[in-house]
Engineer: 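Would you mind keeping the following structure in view while I ask a few things?
In what follows, every chain begins at residue 1, and chains take the letters A, B, ... in the order their sequences are listed.
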Number of protein chains: 2
Amino acid sequence: MRDFEVALKAAGDPTRTRVLKLLESGELCVCQIQGILGLAPSTVSKHLAVLKAAGFVDDRREGKWIYYTLAPASRNPHVLGVRALLGGPLDRDRTILGDRRRLRALLRVPLAEICDLISARTLARPLTRRPPAERRS
Amino acid sequence: MRDFEVALKAAGDPTRTRVLKLLESGELCVCQIQGILGLAPSTVSKHLAVLKAAGFVDDRREGKWIYYTLAPASRNPHVLGVRALLGGPLDRDRTILGDRRRLRALLRVPLAEICDLISARTLARPLTRRPPAERRS
DNA sequence: CGTACATTTCGTCATCGGGCGAAATGTAGG
DNA sequence: CCTACATTTCGCCCGATGACGAAATGTACG
């Protein structure tokens, strides 16, 4: 049951769902993912660690960059099934489509220049917030 | 994406996973579920409300009792897929098997007597705790 | 070596989520 | 009506989680 919980909680966070959908296009390095999500590098790293611990992704170091990819096989028996769920109505989701569009643009930029773009906040756009102004005071 | 998140978070909690697996045996009233989970009625009610809001279950009132059942159809397009995940390795899970065993015993008890049994804590056995934290008793 | 840079780890903060008990709600039966 | 009882709602506590920035790590390159 623990594996089931871990798999569903890993994929059930909207940010991590976006990452999994991004990785369907092939392996990406952290800074590319960060550029699309528009989050702090430490935050992105943590999400990737959660996905890795759950068995969704593998990482691979290449020089300064670390590439993440969807794990072709997982020791968590539930991961495969959860991955299958990602192929449904999610492919028509606005955020997912926007991420894919920005990914296409980003893939045209040489890797070495991406992090400069990130700091300029050119491509990053935050996830549409659910309660836009509902803050308690 | 919201529907996806809601569905995975609803099913990803171990207590709610147990409830979903219990309901595979057919509809159950709250006090029966409570008897198996060994949790406070308010807690059970809240979990059922989450499952209902996510589109996993329907409820039906009959006299004093409220019966919950797996929803034959859901407005949440992801629920069906998540439900399919419950049929995997989870059927060999110790907790799930124990729940089923206690359910069989419980189904032999007349509904009117169940709540007395509950208060006597005869059947209830808590989910094996991950950190055996100190609870007041 | 030392610098530059991508990534992770750590510490902190605010919010979320699950647990409970008490009170409210709703229904059957006297 | 009033009581009994199943269930839900509410308020609270506390541990888990996601966000960030700062510091640590690891790698390439001069």
Engineer: How many whole angstroms separate atom CG of L39(B) from atom P of dT7(D)?
Structural biologist: 15 Å
Engineer: Quick check: does any side chain N or O of K21(B) sit under 3.5 Å from a backbone N or O of D91(B), one acting as donor and the other as acceptor?
Structural biologist: no
Engineer: Return the 5'-most residue of the pair K64(A), R16(A) with respect to DNA chain D, ranking by each residue's nearest nucleotide.
Structural biologist: R16(A)
Engineer: Check whether L20(A) and F4(B) end up in the same hydrophobic cluster, where Ile, Leu, Val, Met, Phe, Trp and Tyr are linked by side-chain heavy atoms less than 4.5 Å apart.
Structural biologist: yes
Engineer: Using a 4.5 Å cut-off on heavy atoms from C-beta on, say whether the side chain of L22(A) contacts that of I96(A).
Structural biologist: no
Engineer: Kindly say whether H47(B) contributes a backbone atom to a donor-acceptor pair with the side chain of R16(B) at under 3.5 angstrom?
Structural biologist: no
Engineer: Just compare dG19(C), dT7(C), dT27(C) and give me whichever is closest to any side-chain atom of V30(A).
Structural biologist: dT7(C)
Engineer: Just by modelled atom types, is the D13(A) backbone N or O under 3.5 Å from a matching donor or acceptor in the T17(A) side chain?
Structural biologist: yes
Engineer: dT25(D) C1' sits how many Å from I66(A) CD1, rounded?
Structural biologist: 10 Å
Engineer: Mind calculating the distance between CD (E62(A)) and C1' (dA6(C)) to the nearest angstrom?
Structural biologist: 13 Å
Engineer: Provide, to the nearest angstrom, the distance between the CD atom belonging to Q34(B) and the C1' atom belonging to dC20(C).
Structural biologist: 12 Å
Engineer: Taking C-beta and beyond as the side chain, do P89(A) and D3(B) meet within less than 4.5 Å on heavy atoms?
Structural biologist: no
Engineer: Taking CD from E5(A) and C1' from dT17(D), how many angstroms apart are they, rounded to a whole number?
Structural biologist: 13 Å
Engineer: Can you tell me the distance, in whole Å, between the CG atom of D59(A) and the P atom of dT8(C)?
Structural biologist: 7 Å
Engineer: CZ of R18(B) versus P of dG18(C): gap in Å, rounded?
Structural biologist: 15 Å
Engineer: Would one find a side-chain N or O of Y68(A) under 4.0 angstrom from OP1 or OP2 of dT8(C)?
Structural biologist: yes
Engineer: For R61(B) and R61(A), take the nucleotide of DNA chain D holding the closest heavy atom to each; which residue's nucleotide lies nearer the 5' end?
Structural biologist: R61(B)
Engineer: Tell me which pairs pass side chain to side chain donor-acceptor pair (under 3.5 Å) where either residue lies in residues 50-61 of chain B, with sequence neighbours left out.
Structural biologist: E27(B)-R60(B), K52(B)-D59(B), R60(B)-E62(B)
Engineer: If I take atom OH in residue Y67(A) and atom C1' in nucleotide dT7(C), what distance separates them, rounded to the nearest angstrom?
Structural biologist: 13 Å
Engineer: Any residue in residues 40-50 of chain A with a heavy atom nearer than 4.0 angstrom to DNA chain C? Just list them by number, or reply none.
Structural biologist: P41(A), S42(A), S45(A)
